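Worksheet: one structure, shown below.
The shown structure was predicted, so the numbers you read here are calculated from the model rather than taken from an experiment. Atoms within a ligand are numbered from 1 in the order they appear, just like the ligands themselves.
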Amino acid sequence: MALIVQKFGGTSVGTVERIQQVAEKVKKFRENGDDIVVVVSAMSGETNRLIELAKQVSDDQPVPRELDVMISTGEQVTIALLAMALIKRGVPAVSYTGNQVRILTDNSHTKARILQIDDAKIRADLKAGRVVVVAGFQGVDEQGNITTLGRGGSDTTGVALAAALKADECQIYTDVDGVYTTDPRVVPKAQRLDKITFEEMLEMASLGSKVLQIRSVEFAGKYNVPLRVLHSFQEGPGTLITLDEEESMEQPIISGIAFNRDEAKLTIRGVPDIPGVAFKILGPISAANIEVDMIVQNVAHDNTTDFTFTVHRNDYQAAMAVLENTARELGAREVIGDTNIAKVSIVGVGMRSHAGVASRMFEALAKETINIQMISTSEIKVSVVIEEKYLELAVRALHTAFDLDAPARQAE
Ligand code: ADP
Ligand code: ASP
Ligand code: MG
């Protein structure tokens, strides 16, 4: 008998019919004798709807504590519906909010981190033969304030519960049948991966693949939780996220391509090329609590240089204001910005042992006459910033260049 944590995402519980289907599925697992803890998201679109409502009464700037009180309600609806649907089918079940379980988090509203999970209640329920249905995405801080874990946070609730309960597996059920070489909605020739290492999945998630929230992958890696991504309503092996690099040795150099449209670029031109300038530029940005992603400083000429960096698009206006201030102080020539950019990244542990991966990437982009604006590399990834309108073309070209395209289907 196994203990399994199953997480169902927004589209998988998006209608009453789907919730009934999920209940049927959970019932089958119960009939196999497994102990089941289910984590559910809000019905698809619900979290967005709630955020929109909050913005309407707050000039787009909802108070984070109240926003959390509000957006945590989406999951409260689905846990109750699923528990009802299970009970109706003769499966004893009980639902809990994050607060009721006591999923303790820090107090950073809208992006809280899980600190501790009290597993006593869940264990008692499992022992009594009940399926336990837990609200994803939410917790409670020391003071009893409701917190949420950031968009996509139900994945992290699932993995954290699996770690706390030492579950045999954490299954993330969603609307695709596994992790693909890239988003299958953008590249129809993308292929499902049987396995991907935690390290690669972590890069893919941090570089924009929203199939798993990055914190859930961090958690799974840290506590060695066996993690699998599967389709909610289709049979199949899904994708196993594994520690084992050896077993993926046969895989191609590149495991996947990630991309995001969430960044914006800022450039300060004609700054004096003297020690300390990078700090003078980025110090105030970080003091304003704005995270910087990619950074490029040009080679100096005339004793001045240009300095470019990217931030999240939501932080663009704030970063621009800070940078204009810095420009005045440093006597820089000008500040320019661009929000029409996208970042495309190739990811693979195979890069460690292969030279020429970056140049192969640049060649493929050159063939499509796509201009590269910024480049950054690490041991297992290469990222480039390009003009946003070329994003899909770039991803498809790279997918082909690195031999990731699915073989053409045989005519039937
Ligand atoms: P859920 O609501 O179940 O949490 P998400 O929308 O958060 O689902 O995540 C699933 C989506 O992630 C898929 O529909 C797919 O479009 C997208 N996605 C992005 N990159 C990938 C990838 N490499 N493999 C699979 N899906 C991906
Ligand atoms: N409902 C939350 C969101 O839409 C959490 C999740 O679905 O994982 O981000
Ligand atoms: Mg998700």
Given that the side chain starts at C-beta and the backbone is N, CA, C, O, which of these parts of [X] lies under 4.0 Å from ligand 1, counting heavy atoms, or is it both or neither?
X: Lys7; value: side chain
X: Val176; value: side chain
X: Thr182; value: backbone

>> Quick test of your reading: applying side chain to side chain donor-acceptor pair (under 3.5 Å), list the pairs with at least one residue in residues 32-44, sequence neighbours left out, ordered by first then second residue.
In response: Arg30-Asp35, Ser41-Ser154

>> Between Asp262 and Lys210, does any NZ, NE, NH1 or NH2 come within less than 4.0 Å of an OD or OE carboxylate oxygen?
In response: yes

> atom 25 (C) of ligand 1: which of Ser12, Gly178, Gly153, Gly136 has the nearest heavy atom?
Replying inline: Gly178

> For atom 26 (N) of ligand 1, which candidate among Leu193, Val211, Ile257 holds the nearest heavy atom?
Replying inline: Val211

Do [X] and [Y] have side-chain atoms, one donor and one acceptor, less than 3.5 Å apart?
X: Gln116; Y: Arg102; result: no
X: Thr156; Y: Gln213; result: yes
X: Thr310; Y: Glu263; result: yes
X: Asn99; Y: Thr97; result: no

If you have a sec, work out which protein heavy atom is nearest [atom] and how many Å separate them, to one decimal?
atom: atom 3 (O) of ligand 1; answer: Thr174 OG1, 2.6 Å
atom: atom 21 (C) of ligand 1; answer: Asp183 CA, 3.7 Å
atom: atom 2 (O) of ligand 1; answer: Gly10 N, 3.1 Å

> Which residue, Leu398, Thr377, Ile375, Ile370, forms the side-chain contact (heavy atoms from CB on, under 4.5 Å) with Val384?
Replying inline: Ile375

List, pair by pair, the atoms of ligand 2 and of the protein that are both N or O and lie under 3.5 Å apart, giving the separation rounded to 0.1 Å.
{"unit_1": "ligand 2", "atom_1": "1 (N)", "unit_2": "Thr47", "atom_2": "OG1", "d": "2.8"}
{"unit_1": "ligand 2", "atom_1": "1 (N)", "unit_2": "Glu75", "atom_2": "OE2", "d": "2.7"}
{"unit_1": "ligand 2", "atom_1": "4 (O)", "unit_2": "Thr47", "atom_2": "OG1", "d": "3.3"}
{"unit_1": "ligand 2", "atom_1": "4 (O)", "unit_2": "Arg151", "atom_2": "NH2", "d": "2.9"}
{"unit_1": "ligand 2", "atom_1": "7 (O)", "unit_2": "Ser41", "atom_2": "OG", "d": "3.0"}
{"unit_1": "ligand 2", "atom_1": "8 (O)", "unit_2": "Gly153", "atom_2": "N", "d": "3.4"}
{"unit_1": "ligand 2", "atom_1": "8 (O)", "unit_2": "Ser154", "atom_2": "N", "d": "3.0"}
{"unit_1": "ligand 2", "atom_1": "8 (O)", "unit_2": "Ser154", "atom_2": "OG", "d": "3.2"}
{"unit_1": "ligand 2", "atom_1": "9 (O)", "unit_2": "Arg151", "atom_2": "NE", "d": "2.7"}
{"unit_1": "ligand 2", "atom_1": "9 (O)", "unit_2": "Gly152", "atom_2": "N", "d": "2.9"}

> Looking only at atom types and distance, does a side-chain atom of Thr239 sit under 3.5 Å from a main-chain N or O of Leu193, one as donor and one as acceptor?
Replying inline: yes

Mark up the atoms of ligand 1 that fall under 4.0 Å of a heavy atom belonging to [X], in ascending order.
X: Val179; answer: 24 (N)
X: Asp175; answer: 10 (C), 11 (C), 13 (C), 14 (O)
X: Arg185; answer: 13 (C), 14 (O), 15 (C), 16 (O)
X: Lys210; answer: 7 (O), 9 (O), 19 (C)
X: Tyr180; answer: 22 (C), 23 (N), 24 (N), 25 (C)

>> With a 4.5 Å cut-off on side-chain heavy atoms, are Ser383 and Lys381 touching?
In response: yes

> Is there a heavy atom of Ser41 sitting under 4.0 angstrom from any atom of ligand 1?
Replying inline: no

> More than 12 non-hydrogen atoms from neighbouring residues, nucleotides or ligands closer than 6.0 Å to CD on Glu31, yes or no?
Replying inline: yes

>> Can you confirm whether more than 12 heavy atoms, excluding those of Phe362, are under 6.0 Å from its CZ atom?
In response: yes

>> By the definition side chain to side chain donor-acceptor pair (under 3.5 Å), identify the one residue from Gln191, Arg192, Lys189, His399 that meets it with Thr181.
In response: His399

>> Applying the side chain to side chain donor-acceptor pair (under 3.5 Å) criterion to Thr148, which one of Asp68, Thr47, Thr105 satisfies it?
In response: Asp68

> Does the protein place any heavy atom closer than 4.0 Å to atom 23 (N) of ligand 1?
Replying inline: yes

